[in-house]
Amino acid sequence: MKRLFVLFTVLFLFTVINAQSKKLVLDHEKIFTAKEITGLDSMLQKYRETTGRIVLISTDTLDVSSQYYTDNIVNQYVTDTANKPFIFMLLLSRKNQLILASVNDKVRPFIKDKTLLEILDAGIPSFRERRSAEGSRLIC
C-alpha cells in the first residue's frame, strides 16, 4: 500500500512539473537580470492565462532569418495547429543592434506595419537608455 501511495505521489509531482507553462522570456544574450526575467515572464504568463494569446520576448543573435526564427519559436509553444492563438513576438539582439516585432498569420490581417512600428516606438526611449526590461514591458 505504501508503494502504491509513493507511486501516485511521484506521478502527481511529475505531472505538475510538466504541466507548468513554458517560459515566455527567452534571454539567450543575457540582456535582462534574473529579477527582470521573472517579472516580465510573470506579466506575460498572466496575459496568456486571461486572454489565451501569447506574447513572447526573445533575445538572440538572430543569425537566421527572423521569419524562420519566429516560426521555430512559435512551434515550440503551439501544439494545436488547427487552433493557433494570436501571437506577438518581440525579438531583441544587442549583438546585432536589432529590435523586431513579429506577429503570426492569425494577427497579420488585423495589424499594419505602421502599427507595429508605433508599438516599438513606445519602448525605444527606454532601450536607448539601456533599460531593456522597461522598454520590453512598454512594448508588450
Separation between CG of Leu90 and CG of Leu56, rounded to the nearest 0.5 Å: 9.5 Å
Phe86 side chain reached by Ile54 side chain, heavy atoms, under 4.5 Å: no
Intermediate values then yes/no, side chain to side chain contact (heavy atoms under 4.5 Å, CB included), Leu116 and Lys112: CA-CA 7 Å; Leu116 282 176; Lys112 306 272 187 254; over 6 Å; no
Single-linkage hydrophobic cluster Leu138~Leu117, side-chain heavy atoms < 4.5 angstrom: no
Step-by-step side chain to side chain contact (heavy atoms under 4.5 Å, CB included) determination, Ile139 to Phe127: CA-CA 11 Å; Ile139 290 169; Phe127 284 110; 3.6 Å; yes
Flag side-chain contact, heavy atom, 4.5 Å: Ser102 against Phe88: no
Evaluation steps, side chain to side chain contact (heavy atoms under 4.5 Å, CB included), between Lys95 and Glu29: CA-CA 8 Å; Lys95 177 184 175 192; Glu29 284 194 11; 3.8 Å; yes
Leu40 backbone acceptor or donor facing Arg137 side chain under 3.5 Å: no
Side chain proximity check, Leu26 to Ile57, heavy atoms < 4.5 angstrom: no
Check: Leu44 and Val25 side chains under 4.5 Å, non-hydrogen atoms: yes
Any donor-acceptor N/O pair, Glu36 side chain to Thr33 backbone, under 3.5 Å: yes
Which atom of Gly52 lies closest to which atom of Pro85, heavy atoms considered: O-CB, 3.2 Å
Pair Arg130-Arg94, side chain to side chain contact (heavy atoms under 4.5 Å, CB included): steps then yes or no: CA-CA 10 Å; Arg130 298 252 184 229; Arg94 185 175 287 159; 3.6 Å; yes
Thr38 OG1 to Gln45 CD distance, which is reported to the nearest 0.5 Å: 11.0 Å
Asp27 (side chain) donor-acceptor with Thr59 (main chain) under 3.5 angstrom: no
Ser136 to Phe32 - nearest heavy-atom pair and separation: OG-CZ, 3.4 Å
Distance (rounded to the nearest 0.5 Å) between Tyr47 OH and Cys140 SG: 10.0 Å
Thr50 side chain to Lys46 backbone, donor-acceptor under 3.5 Å: yes
Side-chain touch Ile124/Ile99, heavy atoms, less than 4.5 angstrom: yes
Separation between CD1 of Ile37 and NZ of Lys23, rounded to the nearest 0.5 Å: 8.0 Å
Euclidean distance, Ser93 OG relative to His28 NE2, rounded to 0.5 Å: 11.5 Å
Gap separating the NZ atom of Lys114 from the CD1 atom of Ile119, nearest 0.5 angstrom: 12.5 Å
Heavy-atom closest pair, residues Leu24 and Asp41: N-OD1, 2.5 Å
Any donor-acceptor N/O pair, Glu134 side chain to Gly123 backbone, under 3.5 Å: no
